[in-house]
Each structure stands twice: as C-alpha cells, then as structure tokens.
There are 2 protein chains.
Amino acid sequence: MDADMERPTLDEVARLAGVSKATASKVLNHRRYVSEDTRRRVEEAIGRLGYVPTTGPRDAASLRAVNVVFDTLANVYSAQVLSGIVGAARAQDVEVLVDALDPAAGDAGGPLSASWIRRLATHGRAGVIVVTAELTAGQRAQMRAAGLSVVVIDPLNPLDDEVVSVGSTNFAGGLQATRHLLDLGHRRIAYAGGVSVSAPSRERLQGYLSALSDAGVAADPGLVLEQGFSFRAGREMAATLFARERPPTAIFAGSDASALGVLEAARRQGLRIPDDLSVVGFDDTYSAFTTAPPLTTVRQPIEDMGRVALRTLLQQARGERPDSHHIQLATQLVVRESTTAPRPE
Amino acid sequence: MDADMERPTLDEVARLAGVSKATASKVLNHRRYVSEDTRRRVEEAIGRLGYVPTTGPRDAASLRAVNVVFDTLANVYSAQVLSGIVGAARAQDVEVLVDALDPAAGDAGGPLSASWIRRLATHGRAGVIVVTAELTAGQRAQMRAAGLSVVVIDPLNPLDDEVVSVGSTNFAGGLQATRHLLDLGHRRIAYAGGVSVSAPSRERLQGYLSALSDAGVAADPGLVLEQGFSFRAGREMAATLFARERPPTAIFAGSDASALGVLEAARRQGLRIPDDLSVVGFDDTYSAFTTAPPLTTVRQPIEDMGRVALRTLLQQARGERPDSHHIQLATQLVVRESTTAPRPE
DNA sequence: TCTTATTTCCGAAAAAGTTTCTGATATTTG
DNA sequence: CAAATATCAGAAACTTTTTCGGAAATAAGA
C-alpha cells in the first residue's frame, strides 16, 4: 500500500470490489437487492481500504457522539451521572448514546462486546464512558485498537494507568465522615462498605481507619463489613452489626443507598435516628435529603464527575493528553439530621 | 396540509431565499462566513418550505436509533423509564440517544427546537420519545413534517389525539389507593397531588373522589391539594394538612417523591408512620421500598412503559398503525408498611 | 416443457448536498 | 494610507444517494 494519505472514496471501494459505486452505496446503507456474495465483496473492500463514509458532518467534526455504558440504570446515582454527562454534551454539541449492561443476556453483541466496539468505531463515535462497571484489559485493548477513547467513572475493578478515570477524593471523604462522628463523641463506629475489590470502597475504608488512628481509637475489625453498596447490603450489614455484643453507636455507610438500608434495619430494630444511632452516607444523591430524617452524608459532585468525564473524553479523542490519568474531585461533608452525639453510657 | 407534496430540495430553499445552494448548505451546517442577514433569510425559507435535509441513510431500513427527551434526569422515575427503553432497544437492536431539557438555556438548538428536529431527521432517527415534558403543537407539526414519529410518556400537557401516548391506569390507581385506606377504616383521607394541569394527576384525583363517593364518604375540599409531584411539594402539602383543624388520618400522595416529602413532614411533626398517619404513594420507584418504613404505593410498571413506548415508536416508524392512541398499562396496589388502621378516636 | 409474470440484482445517469476556490468587499493594522 | 487579513457569496467540482431500465433468476400456469 503506497503512502497515499488521501481518504479512500466510495468509487475506489467499488473499483476494488468490482462493482459500481451505486452498488457499493447500497451495501453501505443496508439496502435490499444486493446479493450476499456482492455484499461480502464490498464489505471486504471497505475493510481493506478502511473506508469511512463522508456524508453528513465530516472530518474531526464527525466525532460528535459518545456512548455511555452503565452497570445499571436502576438507581439515582446513574441518573445523576447521566445528567451531568448530558449537560456537558449539550454544551459541546455532542450526542449521548446510552447502554446498560444486562447480566441476563450473554455478551453476544451487547455493550462492551467485540462487535459492539467495532460498530461504535465505524459509526464515528468519539469514545466510551464506562460508569461503575467492570472493564477488562481485553475490552480496553479492543477499544484502543478501534481508535476509541475511554474514560471510566468509579470503576469496579482496578485498572492500569493507561485508562483515564474520574472519581472523587474517597480517602478524604472517609476521613471527613469518620472525623465528624468522632467529633460528636462516638467511639464505636462501624464501616458498612462496598465489596473489597471496589477501589472507591477501599479508599473510603482507608480514610475511616486513618481517622480512627489519628484520634487514637483502636479499630475493631468486627465493626468493618464490606458487602456492597446496595440498599439490601446496607440493611443486612446493619442487622449484623446490631447483633454484635457491643453494637456500634454510629455507622458510616459506603453509599447513600446502603445508608437507607441501615435506616430501615434500624427502624425494624426499634432504634431511633439519630438518637439511638448516627448514620453517615456517601454520595449525596437526591435520595439523601429525601429520607426521614435527612441524611448526613459525604457529598460527591456526581454531576460534575459526569461533566468532567465527558470533557476529558473529548480531549482524548482530539488527541490532547489529559491533564491527569486519575482525576479526583473534592468531597465535602454535608451535615443533616441523621447524626448526633451518642447517648451517655 | 397536502399529503403528497414533493419534498422541497435545497435548491428550492436557496431560490426562495435568493441565494445559491452552496450558501444555503452553509447555513444548514452552521458554517462560518455567512452574514447574519443571509442566514436569517435562509432559515426563514427553510421554515417556510418545511425543508428537511436528506443526506445520509434515511429509508426505513436504517431507522436504527431513537432520541429520548426528558424533562429532567434528576429523579429515579426518569432512570427507570430509561432503563426500560434501553432494555427494549437492545432487544430490537436500536440505539438510544438521551437529551434533557435545560430550562436555563433558551431553546437555541436545544432539544425539541426546530434545528434539533432537522438534525434528527437528517441523521435518520426513527423518532422521539418525550418523557414527562411539554410538547407544543408546533413542535409536533415540525416532527411530523420531518418524518419523525413521536410517542409521549406521561405528558405534562393535554395533547390532541394524533400523538400516541403511553401511561398507566391512573384512575384505577387512585381508586385502588383510596379504597385500601377506606378498607383500613380511614375516613379523613387527603389527596396531595400534582399540579392540576397534569392529566395523570387529574385522573388520580378522579379515582380518589370516585372511591370516596362509592364508600359514601363525603369528600372534603380542604383535604385536596395539588401543588406538585416533587419531594418539596409533598412536604409542604403535608405541613398544610397537619395544620388543619381536623387533620387527615391518611394521605394519598400523587407520587413516591411527594410521599417521601409527606414522611419527612410527619417526622418533623412528631407523627409516627403508620401509627399516627397512613401514607400511600404512587409509582413504586426504587425509592418506595428503600424508605423507613417501606412505602405502600400504587405500582406503575415504569420500565414496561418505557419498553412499550419504544416498541410503539418503532411500529409507527415502520408505518404500522399503533394499536391505540393512548396506551394504558395496569396499576397495582403494593401494600407495605406505611399504612394501617387509624387510631380509634 | 414452454411461455409468462414476478422478483432479484446491478449499473448508468440523474439528483441532492457539501466542499473548494475564486473574486469581490469590508476591516484591521503597521 | 497601503498592505494584510477577514468576511461573504456563488460557480464549479466532487461525493454520495436514488431512480430507473434492463438482464438474469425464479415462480407459476397451461
């Protein structure tokens, strides 16, 4: 192949496939009345020449759409991330396509599958934002090969330094939450976090441990549980903690959803919030201030994370180096009504 | 409107505007070097002729993407609708693009604007699903002219019979909720609903009134408030009701979000749920069973509504007549722990 | 088996749209 | 105030899609 940098035209594809450009056009647009054989020859020629159609917005301007893949859409967190992404996308005049992983369906053609990645590339997508989902090294490599940029938000699995991720200062958040409880006078503080492979959860735990250590409080391994970020996990962890010989006077939950689970477990146990038990959440989703009582929680700027992820993705797609491989946005403690001083013994 | 008018071409637009088609093309693609005056003339001509660009794939075979427009993404309801849509889209092998209305930004190029609609048509979208947002007759007409199908979910404004809408059996839901409270022995039951222009809210109110009437209970106008479906609206309506001379023993809230507001107002008032006050919500979003106590609510099959909306949209786009212009999915009462018999007087 | 329709298939030419380039004005700048 | 630069519109060139006519294949009758 000569160093012809010119973009191949449909005519060249047609010539290579031995058909007219009218027929090549039909193949490209999935029209009827093209024999299977002809179709295959044209497809082959398209692949060989690396032909990309030039209809509509051209050049770099054609990278005007991104895909977002969610682990699940079934929670407020996802909605808020998406809200941030869509807002930023509107400002940058790019379109947002949404996919959700379906654990039921296999990976046949679904999000993050090989054929899905190829399709994105041929459709001129700028890249993919992966939200709270797992991204394997293989998937990462396929995307790179296809020329797709990737940004990950709160990844479920640890990733090499090549992939850009956006998160928040989880360590600081864990520190803030735990210090708040210590300042109120609590000493038996539990951590009810996500599964231990989750990097954000681990970092929050480290912050928790660090705060305890700073305050000269010995950490009790019996008060650290890591079953998940879900409502159900929170409820179950709280039930376990209430059954301890000396139950905690405060629980730091790894997410708002699990904090809600703690609240429900407390209600079942007949504990009043915050008098009998202080609870701190994490995220500050919309559900944090719609609980009774409103939840003290560590605020992650979730919508900002979406915005930053989109902007970073577009930067990458334009070939600019991102400012950093791991972008952390600041967390902030929001004190509401689910925490107070422990009862005097 | 003439049915088989030839579609106007760019040349005709150019002629009407008194420019060359090259210049008209520039306007269409937002390119530089077009004077404001010329741009306006061309835009005017485009509007007058109802021109829609025809570049790119545009036949039925390629209608493999739909746009979804949300009033806001900032709640669980939107997330669940989207979840249903994305699931069905995956099954049908179509892609989903998400937009959110931004009240801050004007309508310059934003979702539902004229240029937005044109762009969708150019990009071969099958149509648009509008979720809990307002759709004007003008927007509807532009979409029809551009050959885009439309399906509306829980519309904010009343619509003519031409546009297909998907909702749930709101009247029956109102009936179910109110009967449940009546069966428990309540007689002073309040309705804390959405604003009265909202068709779903009105229908729920009618169900409420009908149930009361069936039971021979006189409706007290002082117990009917219609301030909105939001958390805040729910909290404020509840506060108002608690201040009544004879406060209600049960509140039927128009949505789960407003039911959460009622819960919070009750907590502030020192009322225990369900002993001092029974609360019924509407929607059965994820937030309904993550409250303390879990909420008795009228289940709308929200994800199914998304699924049905997508399928109906694709049917329409294929030129098939939809089964019905207004599709209502069945509601179902889900009894949890926020309702019980009223205290004996 | 031999017409006669019908459907499939392909390409030449026409149609539709975008980009380049050229020339004419305006607007800035040293 | 001349030179450089930016803006603007249209003719021509170019890319892609669609139409349409005819060839080949397939189905249907008699």
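Numbered from 1 within each chain, the chains take letters A, B, ... in sequence-line order.
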So does [X] get a side-chain nitrogen or oxygen closer than 4.0 Å to the phosphate oxygens (OP1/OP2) of [N]?
X	N	result
A:Thr9	D:dT16	yes
B:Ser25	C:dG17	no
B:Ser20	D:dA11	no
A:Arg31	D:dT18	yes
B:Tyr51	C:dG17	yes

Heavy-atom donor-acceptor pair, B:Lys26 side-chain to D:dG10 base, under 3.5 Å: yes
Spacing of A:Gln300 atom CD and A:Gln80 atom CD [to the nearest 0.5 Å]: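 Rounded to the nearest 0.5 Å, the CD-CD separation comes out at 10.0 Å.
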CD-CG distance between B:Glu303 and A:Leu73, expressed to the nearest 0.5 angstrom: 9.0 Å
Taking [atom1] from [X] and [atom2] from [N], how many angstroms apart are they, rounded to a whole number?
X	N	atom1	atom2	result
A:Asp11	C:dA12	CG	P	11 Å
B:Leu10	D:dG10	CG	P	13 Å
A:Arg32	C:dT7	CZ	P	10 Å
A:Lys21	C:dC10	NZ	P	18 Å
A:Tyr33	C:dG11	OH	C1'	16 Å

Listed once per pair and sorted, the salt bridge (charged side-chain N to carboxylate O under 4.0 Å, His left out) pairs that draw on residues 126-144 of chain A, sequence neighbours left out: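 Every salt bridge (charged side-chain N to carboxylate O under 4.0 Å, His left out) pair that includes a residue of residues 126-144 of chain A, provided the two are not neighbours, is A:Arg144-A:Glu162.
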Ionic contact status for A:Arg48 with A:Glu44, cut-off 4.0 Å: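 Salt bridge present between A:Glu44 and A:Arg48.
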Main-chain N/O of A:Thr9 paired to A:Glu12 side chain as donor or acceptor, under 3.5 Å: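 It does hold such a pair.
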Contact summary for A:Leu49 and A:Pro8, nearest pair of heavy atoms: O-CG, 3.4 Å
Within residues 35-42 of chain A: residues closer than 4.0 Å to DNA chain D (heavy atoms):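 Nothing qualifies; none.
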Minimum side-chain heavy-atom gap A:Ser78-A:Val81 below 4.5 Å: no
Side chain of A:Ala22 - closest among C:dT18, D:dT17, D:dT18: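 Shortest atom-to-atom distance from the side chain points to D:dT18.
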